[in-house]
Amino acid sequence: MPACPIGTYEILHEEAHTGARVGRLWTKHGPVETPVFMPVGTQATVKTLAADDLETLGASIILGNTYHLMLRPGMEIMEQLGGLHAFQDWKGPLLTDSGGFQVFSLSSLRKITEDGVAFQSHIDGKRLFMGPKESMAVQRVLGSDIAMLFDECIPYPSEESYVARSVEQTLRWAKLCLQQPRAEGQLYFGIVQGSEFGHLRKHCALELAAMRNDGLDGFAVGGVSVGEPEPFIMKGISDSVPFLPLDRPRYVMGLGDLWQMTQAVGMGCDMFDCVIPTRNARNGSAFTNDGPYPVKAGAWKASPLPVEPGCTCPCCSRYSRGYVRHLLNTSELLAYRLLTLHNIHCYLRFMERMRDAIKSDCFTEFKAEAFARLRESPKRGHY
RNA sequence: GCGAAAGUAGCUCAGUUGGUAGAGCCCCAGAUUGUGGAUCUGGUUGUCGCGGGAUCGUGCCCCGUCUUUCGCC
């Protein structure tokens, strides 16, 4: 596999019957084959996992978060310790969220101005400020392979007039972000907003697409998966994606339901991240190819079966469901780790099979089977 | 042996001057979408130690009894 220049996005195969495609994005820390699921490692760790666990599972790219890492440990320490890759000893590609979402979802006393957002830390109440310049400066120090442009992620539902103003703000910020200096080899991804309003999504997508020659390397659909009903999520995606360049990666932020990702891939989306597999692991739910089910349920108290029969992950290849259930029941730390290992493994293998299906032009069949298993008649663990 | 206190949900305990038995935890179920191992929402559970008595009516009053804990011989 000959190396390509950083930022290259190769379309390796377009599926014959749908908009699905398999691609390869070249980053400073190596290539990422898409469609890809990116485990979320907000605070410089995918919770409960170490870098070598992620290597074992075969994760090709993970996330880190600007907002959280800026608050702790802070950029001074991050700089002293050589950036985010060195800090957590992750040798693969890293994507950092801009902090735009967290400023709106976690902090209090927000005041939005043309320059950015004044807010209070959710940790100690300290008054801070983050705008396009600040966010990109932090991401530069973090040294991520992909940095997200600072955007305004508004709640659902929001008034159309407010959404319209917000989209303009996000676009002005995007232009400013692109003028900021970046870490060597760092790619910049812009974010389409517009909430449930199709014409605003289209406008935002077209304006961002026009910035591709100003250094925009990829495109994301934002403002979905923020609590709205599923039909609105899919509409937000279908209202945005058709107006984005075909030859650049499309990233749907926060989307991570297996079936929803399958549908999005069918619309031509390439990258996903979500806290569901890791968070739900810590709440006692396992994901399987037949849908999610609660391992913590008393029904599995004495089950000798693995969490998912046939699974080859470090959890299933060694431990019983009854054991994992016991660990959950007693709040043992190992429970969270084992289920996180399983859920990430499940997600990564699911995406791998999806890529294979696309390459062999049978994505339609893959999608039908996924629908049957995940939505039509999920087994919910009753094997 | 004597004295005192306490017996109410699986656990820890509330329960007004007598008027249809409660909370927290646990357990069970559900939620969780650019991460708070956080949180939220529902749900099950009782011979009020036992036996008498007074009362229209008692977890509560009276008598007896059993058990536990503590103190004293």
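Each chain gets a letter, A, B and so on, in the order the sequences are listed, and its residues count up from 1. Side chains are part of it too, since the values below use all heavy atoms of this structure and drop only hydrogens, waters and symmetry mates.
Using atom P as the reference point in both U32(B) and G7(B), the two lie 44 Å apart (nearest Å). Comparing the same atom, P, in U12(B) and in C26(B) gives a spacing of 15 Å after rounding to whole Å. Nucleotides G42(B) and C50(B) are separated by 37 Å at their C1' atoms, to the nearest Å. For C61(B) and U17(B), the P atoms lie 11 Å apart once the distance is rounded to whole Å. A5(B) and G64(B): their P atoms are spaced 14 Å apart (whole Å). Atom P of C73(B) sits at a distance of 48 Å from the matching atom of G57(B), rounded to the whole Å. Spacing between G15(B) and G22(B) at atom C1', rounded to whole Å, works out to 7 Å. Distance noted for atom C1' between A9(B) and G43(B): 14 Å (whole Å).
Contacts of Gln193(A) with the nucleic acid, taken as non-hydrogen atoms under 4.0 Å apart, include base atoms. Here Ala297(A) lies in heavy-atom contact (under 4.0 Å) with sugar-phosphate atoms only. Ser331(A) comes within 4.0 angstrom of nothing in the nucleic acid, heavy atoms only. Base contact: Ile191(A) has a heavy atom under 4.0 Å from a base atom. Heavy atoms of Gly223(A) sit under 4.0 angstrom from at least one base atom. Residue contacts shown for Asn283(A) include a base, since a base heavy atom lies under 4.0 Å away.
One finds a salt bridge joining Glu10(A) and Arg24(A) here, because a Lys/Arg side-chain nitrogen approaches an Asp/Glu carboxylate oxygen to under 4.0 Å. Under 4.0 Å is where a charged nitrogen must lie from a carboxylate oxygen, and between Arg349(A) and Glu352(A) at least one such pair does. For Lys28(A) and Asp145(A), the salt-bridge test fails: no basic side-chain N is under 4.0 Å from an acidic carboxylate O. Ion pairing between Lys175(A) and Asp214(A) fails under the 4.0 Å rule for side-chain N and carboxylate O. Salt-bridge annotation for Asp257(A) and Arg375(A): present, with a side-chain N of the basic residue lying under 4.0 Å from a carboxylate O of the acidic one. A salt bridge links Asp247(A) with Arg212(A): the distance from a Lys NZ or Arg NE/NH1/NH2 to an Asp or Glu carboxylate oxygen falls below 4.0 Å. Asp270(A) has a carboxylate O that lies under 4.0 Å from a charged side-chain N of Arg21(A), or vice versa, which qualifies the two as a salt bridge. Electrostatic pairing of Glu114(A) and Arg172(A) counts as a salt bridge here, judged by a charged N lying under 4.0 Å from a carboxylate O.
Counting only Watson-Crick and G-U wobble pairs whose two key distances fall under 3.5 Å, RNA chain B forms stems of three or more stacked pairs at B:1-7 with B:66-72, B:10-13 with B:22-25, B:27-31 with B:39-43, B:49-53 with B:61-65.
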- I would like to know whether Tyr293(A) and Trp300(A) meet ring pair (Phe, Tyr, Trp, His ring centres under 6.0 Å); could you show each step before the answer? CA-CA 11 Å; Tyr293(A) 79 95; Trp300(A) 311 122; 5.7 Å; yes
- Task: Let me see the working for Phe272(A) and Tyr251(A) under ring pair (Phe, Tyr, Trp, His ring centres under 6.0 Å), right down to the final yes or no.
- Result: CA-CA 6 Å; Phe272(A) 307 91; Tyr251(A) 163 28; 8.1 Å; no
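Computed from coordinates, the Trp300(A) CH2 to C28(B) P distance equals 14 Å when rounded to whole Å. The distance from atom CG of Leu334(A) to atom P of G37(B) is 17 Å, rounded to the nearest whole Å. For the pair Lys296(A) NZ and U32(B) P, the computed distance is 12 Å after rounding to whole Å. Atom P of nucleotide A29(B) and atom OH of Tyr293(A) are separated by 13 Å, given to the nearest angstrom. Residue Ile146(A) contributes atom CD1, which lies 17 Å from atom P of G34(B) at whole-angstrom precision. In this structure, Ile154(A) places its CD1 atom 15 Å from C1' of G34(B), rounding to the nearest Å. Going from atom CE of Met130(A) over to atom P of G34(B) covers 17 Å, rounded to whole Å. Rounded to an integer number of Å, the gap from CG of Leu328(A) to P of C28(B) is 11 Å.
Note on Arg282(A): every side-chain N or O is 4.0 Å or more away from OP1 and OP2 of A38(B). OP1 or OP2 of C27(B) sits under 4.0 Å from a side-chain N or O of Asn329(A). The phosphate of G36(B) has OP1 or OP2 within less than 4.0 Å of a side-chain N or O from His68(A).
Of the listed nucleotides (U32(B), G34(B), U33(B)), G34(B) has the atom at the smallest distance from the side chain of Leu63(A). Comparing G37(B), G34(B), U32(B) by their closest approach to the side chain of Arg279(A) singles out U32(B). When each of G37(B), G34(B), C27(B) is scored by its nearest atom to the side-chain atoms of Arg325(A), the top-ranked nucleotide is C27(B). Distances were taken from every side-chain heavy atom of Ser225(A) (C-beta onward) to each of G37(B), U33(B), C28(B); the shortest belongs to U33(B).
In summary, the side chains of Gln186(A) and Ser144(A) do present a donor paired with an acceptor at a separation below 3.5 Å, with no hydrogens or angles considered.
In this structure, the side chains of Glu159(A) and Val163(A) stay at 4.5 Å or more apart for every pair of heavy atoms.
Along RNA chain B, the nucleotide nearest to Val224(A) and the one nearest to Gln43(A) differ in position, and the one closer to the 5' end is contacted by Val224(A). In terms of position on RNA chain B, the residue among Leu149(A) and Lys301(A) whose nearest nucleotide sits closer to the 5' end is Lys301(A).
In the region residues 256-269 of chain A, proximity to RNA chain B at under 4.0 angstrom, judged on heavy atoms, holds for Gly256(A), Gln260(A). A heavy atom lying under 4.0 Å from RNA chain B marks the following residues of residues 46-60 of chain A, by number: Lys47(A), Thr48(A).
The ring-ring contact (aromatic ring centres under 6.0 Å, His included) test with Phe350(A) singles out one residue from Phe37(A), Phe287(A), Phe366(A), and that residue is Phe366(A).
No chain of hydrophobic side-chain contacts below 4.5 Å, direct or via other Ile, Leu, Val, Met, Phe, Trp or Tyr residues, connects Val117(A) to Phe101(A).
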